[in-house]
Amino acid sequence: MKENDMPLPHPTRSIALIDVNNFYVSCERVFNPKLVGVPVVVLSNNDGCAVARSNEAKALGVPMGEPWFKLKDLAKQHGIIGLSSNYALYADMSNRVMSILREYSPDQEVYSIDESFLDLTGFQSRDLISYGQHMRKRILKWTGLPVCVGIGSTKTLAKLANHCAKKRPVFNSVCNFNAMLPTELEHLLCQIDVGEIWGIGRKLAPKLQALGFNTVQDLKRANPDRLRQQFSVVLEKTIHELNGTVCIDLEEISPPKQQIMSSRSFGQPIRDYNSLAESITLYMSSAAVKLRRQQSFAGSVHVFIRTSPFKQDAPQYSNGITIPLPSATDNTMQLVNIALWGLKQIYRPNYDYAKAGVMLSELVTAQGVQNDLFSQSGANAENGKNCTLS
DNA sequence: GATGCTATGAAAC
DNA sequence: CTAACGGTTTCATAGCATC
């Protein structure tokens, strides 16, 4: 791809999206080179489902999210290796990658454990492909992880460019839409399925195809107003972003979570109240840690328990309860007690429970608490831990 | 008729 | 030997209740 060194028609932003290939699998391979070149999947909690697949595993047709027991035959046949996940390792590797990337731009959004946006606007456009190659080679050398780089004038386009970098060997893992001629880009976008666009998922893709929007180019040329009517604002924004109009900003500082959830499927079904209570206590403790780490206070607590929907013949029960708190708190003891009270309300004996969890919502930040306290002249300020919701 | 709350669904990683 | 199936989060909307 030849770089375009003509002046660009509009003041164009250059947003890069850097994404580690098959992140969990690649992490495992760094520490066990025997896994290189063979089909590998990393499994979810309790070795339940495939949450990451190597290219070899994908080529064998292993679907994302497939339960491991359904893969046993295929695995035996082709020697697919199933690994338990090691989230502490992945978090550590992620931190290394993110700090390397931070040196390439002061404007970074860490979007997920294996993805980061960088704003490269103002960097010399014709150099961006080599800049991207530099990142890629450095990350590979310093962490052992393979990444791809996509560059475009919006986040949606950067995502799409990243997809091209990954899927099309021509780009050698770095694809810059901004460096392509309009006709060249159009030709490319005609070959990509609508379903590949960020925000177009399993439900939306078939609906759009039914209306004749089969490729990215089709959707790019669609009438945003009309599709907003028919679908949603989200889709309207996507169309604008495909045309280079920024609708989704770079979020360098991640806003505090509005709700915090902790839940887990059990390795084996649980029937008795005490075991359930133990789990709920554990989940709430971890939720409370997350809550305090972002310096928030919870205004309501939700507790839920459920049997396995996959056991068709077993009696099913699923219930949850939301408990509003008179006063927002971040205190583990208080939160656990409330959750256990909630559990008592919804618990029914003689069911095989498969999953339980808690959710904290109506979160207010410590900042908000401060303001609240000032505005309410310190009412309910006992050890600064509680605040009244107004 | 406008506004607010809740439950639900779709999407993402 | 059999059965076995993730976890969080956000955002938008629809339906219902309320002012």
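Predicted model, so just to flag it, every value in this text is computed and none were measured. Per chain, numbering begins at 1; letters A, B, ... match sequence-line order.
Both A:Met284 and A:Val303 are members of a single hydrophobic cluster when ILVMFWY side chains are connected at heavy-atom separations under 4.5 Å.
Whole-Å rounding puts the A:Asp47 CG to C:dA4 C1' distance at 11 Å. In this structure, the CG atom of A:Asp313 is 17 Å from the P atom of C:dT2, given to the nearest Å. Atom CZ of A:Phe69 is separated from atom C1' of C:dA4 by 5 Å (rounded to the nearest Å). A:Lys155 places its NZ atom 15 Å from the C1' atom of B:dA11, with the value rounded to the nearest Å. The CZ-P distance, from A:Phe304 to C:dG6, rounds to 12 Å in whole Å. Residue A:Ile321 contributes atom CD1, which lies 11 Å from atom P of B:dA7 at whole-angstrom precision. Summarising the geometry, the separation between CH2 on A:Trp68 and P on C:dT2 is reported as 18 Å, rounded to the nearest angstrom. The distance between atom CG of A:Leu43 and atom P of C:dA4, rounded to the nearest whole Å, is 17 Å.
Heavy atoms of other residues, nucleotides or ligands lying less than 6.0 angstrom from NZ of A:Lys290 number more than 12.
If you check C:dT10, C:dG7, C:dA4 against the side chain of A:Lys72, the one that comes closest is C:dA4. For A:Lys159, whose side chain is taken as the heavy atoms from C-beta onward, the closest listed nucleotide among B:dA12, C:dC5, C:dG6 is B:dA12. When distances are taken from the side chain of A:Gln259 to each of B:dC13, C:dT10, C:dT8, the shortest belongs to C:dT10. Distances from the side chain of A:Ser265 to the nucleotides B:dC13, C:dT8, C:dG6 place C:dG6 closest. In this structure, of C:dG6, C:dT8, C:dT10, it is C:dG6 that holds the atom nearest to the side chain of A:Val51. Taking the side chain of A:Asn45 as heavy atoms from C-beta on, and the options C:dG7, C:dA4, C:dT10, the nearest nucleotide is C:dG7. When distances run from any side-chain atom of A:Gln258 to the nucleotides B:dC13, C:dC11, C:dC5, the shortest one goes to C:dC11. For A:Lys257, whose side chain is taken as the heavy atoms from C-beta onward, the closest listed nucleotide among C:dT8, C:dA4, C:dT10 is C:dT10.
Comparing A:Ser308 and A:Arg264 against DNA chain C, the residue whose closest nucleotide sits nearer the 5' end is A:Ser308. Nearest-nucleotide positions on DNA chain C place A:Glu66 closer to the 5' end than the other of A:Glu66 and A:Ile260.
Counted by atom type alone, A:Asn22 and A:Asn55 present one or more donor-acceptor pairs between their side chains at under 3.5 Å. Under the 3.5 Å distance criterion, with hydrogens and angles disregarded, a donor-acceptor pair is assigned to the side chains of A:Arg292 and A:Thr332. Using a 3.5 Å distance cut-off with no hydrogens or angles, the side chains of A:Gln209 and A:Asp193 do pair a donor with an acceptor. With 3.5 Å as the limit, one finds no donor-acceptor pair spanning the side chains of A:Tyr273 and A:Glu278.
Counting non-hydrogen atoms under 4.0 angstrom, A:Ser262 reaches the backbone sugars and phosphates but no base. Contacts of A:Lys290 with the nucleic acid, taken as non-hydrogen atoms under 4.0 Å apart, involve only primed sugar atoms and P, OP1 or OP2. Here A:Leu360 lies out of heavy-atom contact (under 4.0 Å) with every strand. If you check every strand for non-hydrogen atoms under 4.0 Å, A:Tyr111 touches sugar and phosphate atoms only. Contacts of A:Trp198 with the nucleic acid, taken as non-hydrogen atoms under 4.0 Å apart, involve only primed sugar atoms and P, OP1 or OP2. In this structure, A:Asn46 reaches neither bases nor backbone, as no heavy-atom distance under 4.0 Å exists between it and the strands shown. A:Lys311 comes within contact range of the sugar-phosphate backbone alone, with a heavy-atom separation under 4.0 Å but no base atom that close.
An OP1 or OP2 oxygen of C:dG7 is reached within less than 4.0 angstrom by a side-chain nitrogen or oxygen of A:Lys355. For B:dA12, the OP1/OP2 oxygens have no side-chain nitrogen or oxygen of A:Arg202 closer than 4.0 Å. Distances shown here put a side-chain N or O of A:Ser263 below 4.0 Å from the OP1 or OP2 atom of C:dT8.
Cation-pi contact between A:Lys355 and A:Phe266: absent, since separation from the ring centre below 6.0 Å together with deviation from the ring axis within 45° is not met.
Residues from residues 231-254 of chain A that place a heavy atom under 4.0 Å from any atom of DNA chain C, listed by number: A:Ser232, A:Val233, A:Val234, A:Lys237.
In summary, the aromatic rings of A:Tyr347 and A:Trp341 are positioned with their centroids too far apart to meet the 6.0 Å limit.
Comparing the same atom, C1', in C:dG6 and in B:dA11 gives a spacing of 15 Å after rounding to whole Å.
A parallel orientation is assigned to the rings of A:Tyr317 and A:Tyr351, their planes being inclined by less than 30° (bins at 30° and 60°).
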